[in-house]
Amino acid sequence: MPPQFIERTHFSTNDLSFHEQFEAWRESISVIFDVSREVVTPVFNASVTAFRFAGIMIAETHLSSQRYTRSNRRISNDNIDHFMLSLHVTGGWESDSANGLFSGEAGQICINDLAQAIITDKPQSDLIHLIAPREKLEDYQEFIEKMHGQALIGPLSVLLAEYFHMLIGGLGELPAHSGEDLARATANMLSACLKPSPEMLHLAQAPLRTSLLRRAKRRIETQLTSPDLTPDKLAVALGVSRRTLYRTFEAVGGVHDYLLSRRLERVRHELVDENNQQRVSQIAGKYGFSRSDSFSRIFKAHYGVTPLEARKLAGHAPHSARIDSPRLKRYGAWIKELHR
């Protein structure tokens with residue numbers, strides 16, 4: 001029976017003893033790197049959640065500090081001929097390769113050609129990796145080879161980082177049959193960022209807009225109580241034009257409606273919280289609704305009940321159905337299988 005969702009696997013040292021943690025990670029990552037610990041701490045943590053589709057692997061990892069080594073001897077023996085792009089959500093890196101000594105920081109994407117030797121030191125880090133066999137990215141081979149160990153730079157690198165966030169955040173809910181379409185969208189995004197041209201930029205417009213939308217939504221969620229959260233100021237903060245922002249939000253009903261719906265949802269969430277004893281007017285005012293009469297009308301138009309009725313009905317909403325995760329598989333074997 002074919003898988004229902006995009007294939008997923010998971011690895012974690014959390015349930016192991018101190019003496020087992022690093023050895024388990026060493027064995028798991030040994031498919032690509034030899035690893036060592038420069039600083040021995042009481043606890044070593046490593047966890048990986050990976051997804052595979054159409055010959056590409058995306059992995060979200062949390063890692064304690066360590067040194068990665070990929071030697072020429074290992075390269076000649078392991079038949080791993082992949083490219084790896086690693087977004088450092090936190091942490092950073094220092095690398096030593098034939099290209100020179102390089103370093104990077106949180107928010108940047110490090111490029112690795114696994115056919116070249118490298119030594120990399122990382123502090124404790126959270127990362128999102130994209131790993132693909134050479135033939136998947138052969139159009140960018142020369143660029144990736146030259147950038148081995150370095151950070152991707154330029155304005156499009158920020159959007160590629162946002163695309164990585166979007167991928168890892170949504171893959172767990174995507175059906176298996178969407179893998180080929182997702183691989184094409186990913187290829188278009190990589191083309192725009194690694195080998196930009198007018199044609200490739202045009203093909204990448206959809207994923208670029210999706211990345212911008214995700215970045216805008218994330219900023220909105222952190223500022224819902226701020227009176228400065230307006231479309232114009234949001235556009236300035238994101239570094240885009242007002243027109244671009246409005247076009248980006250067309251798919252979700254427009255930026256004004258989106259801001260209104262997120263503020264209303266945050267109010268509703270507080271209203272139905274049994275531990276929140278604030279008055280309706282206090283909660284609404286926190287999110288910019290200063291007039292109780294107009295707020296009540298807007299709330300009812302959106303939810304079909306008044307704020308007071310929503311508070312009374314709290315606790316009677318059905319729980320969302322839980323979707324069981326697909327069966328987990330070892331990700332080390334996946335890396336070896338990517339070229340097949």
Decide whether [X] and [Y] meet the rule of one side-chain donor and one side-chain acceptor closer than 3.5 Å.
| X | Y | result |
| --- | --- | --- |
| Thr230 | Asp232 | no |
| Glu265 | Tyr287 | no |
| Thr49 | His10 | yes |

From the options [options], select the one residue that forms a side chain to side chain contact (heavy atoms under 4.5 Å, CB included) with [X].
| X | options | result |
| --- | --- | --- |
| Thr306 | Arg297, Lys300, Lys312 | Lys300 |
| Ser95 | Asp121, Thr120, Ile119 | Thr120 |
| His129 | Leu85, Thr61, Asn112 | Thr61 |

| If you group Ile, Leu, Val, Met, Phe, Trp and Tyr by side-chain heavy-atom gaps below 4.5 Å, do Leu260 and Val280 land in one group? |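 Linked within one cluster.
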| query | If Ile, Leu, Val, Met, Phe, Trp and Tyr residues are connected whenever their side-chain heavy atoms lie under 4.5 Å apart, and connections chain through other members, are Tyr163 and Ile153 in the same group? | reply |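 In one cluster with Tyr163: Ile153, no.
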Provide the closest heavy-atom pair for [X] versus [Y] in the form atom of the first, atom of the second, distance.
| X | Y | value |
| --- | --- | --- |
| His148 | Asp113 | ND1-N, 2.9 Å |
| Gly172 | Phe5 | O-CD2, 4.2 Å |
| Val31 | Asp78 | O-OD2, 4.0 Å |
| Cys193 | Leu160 | SG-CB, 3.7 Å |
| Ala183 | Ala54 | CB-CB, 3.6 Å |
| Phe299 | Val305 | CD2-O, 3.2 Å |

Is [X] salt-bridged to [Y], cutoff N-O under 4.0 Å?
| X | Y | value |
| --- | --- | --- |
| Arg134 | Glu145 | yes |
| Arg26 | Glu23 | yes |
| Glu142 | Lys146 | yes |
| Glu250 | Arg247 | no |
| Lys122 | Glu94 | no |
| Arg218 | Glu162 | yes |

For [Y], is there any backbone N or O sitting under 3.5 Å from a side-chain donor or acceptor partner on [X]?
| X | Y | result |
| --- | --- | --- |
| Arg263 | Leu224 | yes |
| Thr186 | Leu182 | yes |
| Ser261 | Asp257 | yes |
| Glu270 | Val267 | no |
| Ser103 | Trp93 | no |
| Ser97 | Asn99 | yes |

| request: Return the set of residues passing side chain to side chain donor-acceptor pair (under 3.5 Å) with Asp34 (not counting sequence neighbours), or none when no residue passes. | output: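 So Asp34 forms a side chain to side chain donor-acceptor pair (under 3.5 Å) with Arg74.
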| query | Arg311 and Ile283: side chain to side chain contact (heavy atoms under 4.5 Å, CB included), yes or no, with the steps? | reply | CA-CA 12 Å; Arg311 178 163 260 181; Ile283 297 173; 3.5 Å; yes
Determine whether [X] and [Y] make a side-chain contact, defined as any pair of heavy atoms from C-beta on separated by less than 4.5 Å.
| X | Y | result |
| --- | --- | --- |
| Tyr303 | Arg268 | yes |
| Phe164 | Ile58 | no |
| Arg70 | Gln116 | no |
| Glu60 | Val48 | no |
| Val255 | Thr248 | no |
| Glu7 | Arg52 | yes |
| Gln66 | Phe44 | yes |
| Leu63 | Gln124 | no |

| query | Stepwise, does the side chain to side chain contact (heavy atoms under 4.5 Å, CB included) test hold for Ile109 with Ser157? | reply | CA-CA 7 Å; Ile109 294 174; Ser157 65; 5.5 Å; no
| Got more than 12 heavy atoms from elsewhere within 6.0 Å of CD, Glu173? |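 Open.
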| message | Phe51 vs Leu167, test: side chain to side chain contact (heavy atoms under 4.5 Å, CB included). Steps then yes/no. | response | CA-CA 10 Å; Phe51 300 87; Leu167 275 178; over 6 Å; no
| task | Please state whether the rings of Phe249 and Tyr258 are parallel, tilted or perpendicular, taking 30° and 60° as the class boundaries. | result |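 Ring orientation, 0 to 90° scale: tilted.
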| task | Step by step, work out the side chain to side chain contact (heavy atoms under 4.5 Å, CB included) result for Leu130 and Phe83. | result | CA-CA 8 Å; Leu130 183 149; Phe83 293 135; over 6 Å; no
| With sequence neighbours left out, which residue pairs that include part of residues 52-73 fulfil the ring-ring contact (aromatic ring centres under 6.0 Å, His included) condition? |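 Only Phe33-Tyr68 qualify under ring-ring contact (aromatic ring centres under 6.0 Å, His included).
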| said: Quick check with a 6.0 Å cut-off and a 45 degree axis cone: is Arg37 positioned over the face of Phe22's six-membered ring? | reply: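 Cation-pi check for Arg37 and Phe22: passes.
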